[in-house]
Amino acid sequence: MWEWMSRIGAIVLQMVLLLAGCHARENHRGVPDSSVYYSRADAAPAADAMPPAIVPAASIDARWKDPFSETPHDCTRGSMLEPTVLGTAPLEPGTLEQPFVIALLGNDVYWSTQDPYSRLWCILKASKVGVGSSEVACGLWGVFDIYVDDGGIYWTSEGRIHVMRQGESAHSMTFEAIREVRSLVSDGEHLYFEDGAEYLYALPKQARSGEQPRPIGSKWQHCDQLTVDDEYVYCTSGREHAILRVSKQGGQWETIVTGQDDPRSPVIRDGRIFWASRGFDGHAAIKSAPRAGAKPEILASNLGDNVSFAAYEGNVYWTSDGALEAPGLLGRLILSDETVEKVIQLPKHPYGLAIHHGSFFWVDHGVDDPYSGRLDPYVPGGVWTWNGTGEPALLVDEQVEPLRIAVDDDALYWVNNGNFLGDDRNGSIWKLSLGDGSTSVIAEHLFSPAVLAEDDENLFWVSPGTINTIPKRGGEASVLVRAYHIRGMAVDEGQLYWGETLDDDGHGAVMKMDLTTKSISVLSTNQALPGWLAVDREHVYWANVSVAGEHQRRVMRANKYSGATELVAEGFNWLTGLLAHDGWVYWHDFQSFRVFRGNPSVSAPTVIAYDPEGPSSLTLDDKFAYWTTPKSIKKRALTGGPITALGQYSAEKILVDDRSLYWVADGKLLCAAKE
């Protein structure tokens, strides 16, 4: 009942807005255009219809005037510095929310936007070469995906496929036992869509209401976006970190690429599949692979991720991994005046950070993409230093994926994770003497050592299911803790702290051990995938990064002595790299690319740095790949070469034809010549 009341209220609001503005709009040509469609707000919805009925706009004078130009547009005359404006919303310029270019067909560009007042959506159409823009359909509760061809327009919204064929009014198709319809693609004969949860379906493009789709493929988790070739439907799945395909005739899903963080915008060309990987692991990239599956090739990667913090003399520092083409950096927050600055550009892949007497140390983990299934070949890593002047220097090279580093008065220590070479026991712990520069192996034949900590006499590290220790001077390693899943660890004042996951659902706890008596106790219970531990004088901090549960995606802390637990901050996507310093805790949310700090005494955390970009859309022509990030539009030749930044626009999606680029930014549909 409440759901229907809210829908009726939205319809009434939309009716008021449309009646107030529809007669003020007119076509530049001054004649009715029966190809323009309009959502009539006074049309009562059918009993089972969620959106308002959609009728031809010719029955209501719904055309509007492009406020930007009285002359024909020409995209090829525009440049990325001064692009051509093809259209805006049929409301006030600059009021668009979530605009999205969705399709090109012939001389038209189709795009969607949300009305900022009614919160309903419209599909709009603008001519590439003519004057004026028009509404295709309005009054929609969401527009999730669209397909356009000469036969009509198809889009998904609120669990339905909506169809507007040439010469016909729009209608919607609902399907038994399908509650949600989102991603949509077509091969010209069939529409393929997924239901947001379990199955992929095929439906003849000319299907009519009442015709049920055919499920293809076995039950699966989730498809985000689809593409299709002559034989297969391809699916990018952020949940599974993979790209999959299934035969159009049905059958089992086949995983062709694994280890991808938020893959999106799949494109099929010349026997290969291309996609953009948002890279929440810090390795955003444009990638490709054979359609049958193989090791991905990186076409372009220039994005980074903040992963490690350290404090020194009143400042907080962090390293940012620059991935493939772009360099990393060393950033600094000056606590005295709250200013943030880039200290120095770092070579290759900085990962981890340690500071000692004014010298900075970090490891270069070397791997082009450590989350892509660990396939050869991989670039060896190394250990670097910088003394505050001049250029960074390489101390040790030919390391096998070093991940973490620590330092004391005598030596540097680091772990080589080592597990991408196919031998599960080829990890190691190394030491470099600060006195004579000699290196030695403290422990070897280890199972994927990762997190590293130290006290005056011992080193501690986490391997899958264990926390281990070994004397710094060398000797026998021993296991301190065995647990189902250990995600973080810290050592302070004779106490060992770690985050422990208890089951597959992510329920967990923060634990501690007295290193003298080896007694174990629970510090805080009812946590969700606790990890990334940090310690200060009174508290232990951690990040809950579960995607489900009451305590998801939060920064927490507990008193080291009483166990009293409190919330520091919440509402984040994925948290990494905690540092506790001088009453504050610092962390990085690598899905929003921001560095934060906070404490329970302030109402909200503070953003201290924004370290960019993740590709959100990819398109190709015969020569180049084009993609968007939150800050810019970029391109690179398919054969390789330098990456070119075309313009500073916060575009969500970009499309290309033979001569021009098309995108939406700042509430406007824009285009410019490709060259």
Side-chain angles (χ1 to χ4, degrees), residues 259 261 279 281-285 295-296 298 301-310 318-330 344-355 359-386 391-407 411-434 437-454 459 461-463 576-577 590:
D261 264 340
D281 54 24
H283 292 262
K295 178 185 182 300
I298 298 176
S301 177
N302 63 340
L303 312 172
D305 177 29
N306 299 298
V307 293
S308 299
F309 294 88
W318 63 89
T319 56
S320 173
D321 179 2
L324 188 63
E325 273 79 17
L329 64 83
L330 177 68
I344 189 174
Q345 181 173 299
L346 301 181
K348 296 189 178 181
H349 309 277
Y351 205 94
L353 180 64
I355 308 172
S359 292
F360 298 80
F361 304 92
W362 65 92
V363 295
D364 161 26
H365 62 76
V367 181
D368 282 347
D369 187 351
Y371 298 88
S372 65
R374 306 196 187 282
L375 300 171
D376 292 334
Y378 278 93
V379 179
V383 180
W384 291 74
T385 186
W386 182 60
E391 296 297 321
L394 177 64
L395 293 174
V396 182
D397 61 4
E398 298 299 323
Q399 299 299 294
V400 184
E401 197 183 345
L403 289 180
R404 299 293 175 186
I405 191 167
V407 63
L412 289 175
Y413 309 90
W414 65 94
V415 294
N416 283 332
N417 189 250
N419 62 354
F420 65 80
L421 295 180
D423 180 357
D424 287 341
R425 298 286 173 178
N426 67 342
S428 58
I429 298 178
W430 285 62
K431 171 182 177 180
L432 183 146
S433 171
L434 295 179
S438 61
T439 59
S440 57
V441 178
I442 293 181
E444 56 186 342
H445 307 302
L446 304 179
F447 182 26
S448 300
V451 182
L452 181 68
E454 51 97 19
L459 295 172
W461 73 93
V462 174
S463 285
T576 66
F590 67 26

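None of Leu403, Val415, Ile405 except one satisfies the side chain to side chain contact (heavy atoms under 4.5 Å, CB included) rule with Leu452; the exception is Val415.
Evaluation of the side chain to side chain contact (heavy atoms under 4.5 Å, CB included) rule for Leu395 yields Phe361, Val383, Thr385, Leu412, Leu432 as partners, not counting sequence neighbours. For Trp386, there are no side-chain hydrogen bond (donor to acceptor under 3.5 Å, both in side chains) partners two or more places apart in sequence or in a different chain. Under the rule for a side-chain hydrogen bond (donor to acceptor under 3.5 Å, both in side chains), the partners of Trp414 that lie at least two apart in sequence or sit in another chain are Gln399. By the side chain to side chain contact (heavy atoms under 4.5 Å, CB included) test, Ser438 is found to be paired with Ser433, Asp436, residues two or more places apart in sequence or in another chain being considered.
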| Worked verdict on Leu446 versus Ile429 for side-chain contact (heavy atoms from CB on, under 4.5 Å) | CA-CA 8 Å; Leu446 304 179; Ile429 298 178; 3.8 Å; yes
| task | Starting from the C-alpha separation in whole Å, work towards a yes-or-no answer on side-chain contact (heavy atoms from CB on, under 4.5 Å) for Tyr351 and Asp364. | result | CA-CA 6 Å; Tyr351 205 94; Asp364 161 26; over 6 Å; no
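Nearest heavy atom pair, residue Leu394 against residue Asp397, reads CD2-CB, 3.7 Å. A pairwise comparison of heavy atoms in Thr319 and Leu346 identifies CG2-CD1, 4.2 Å as the closest pair. Heavy-atom minimum distance, Ala450 versus Arg404: O-CG, 3.3 Å. What you find for Pro449 and Asn416 is that their closest heavy atoms are CG-O, 3.5 Å.
Looking only at side-chain heavy atoms (C-beta outward), Phe360 and Pro392 stay at 4.5 Å or farther from each other.
Atom CH2 of Trp384 sits about 15.0 Å away from atom CG of Leu353, to the nearest 0.5 Å. One distance of note links OG of Ser428 with CG of Asn417; it measures 9.5 Å at 0.5 Å rounding.
Classified by interplanar angle (parallel below 30°, tilted 30° to 60°, perpendicular above 60°), the ring pair Trp318/Phe309 is tilted.
Judged by distance alone, with hydrogens and angles left aside, the side-chain atoms of Ser308 form a donor-acceptor pair with the main-chain N or O of Gly352 at under 3.5 Å.
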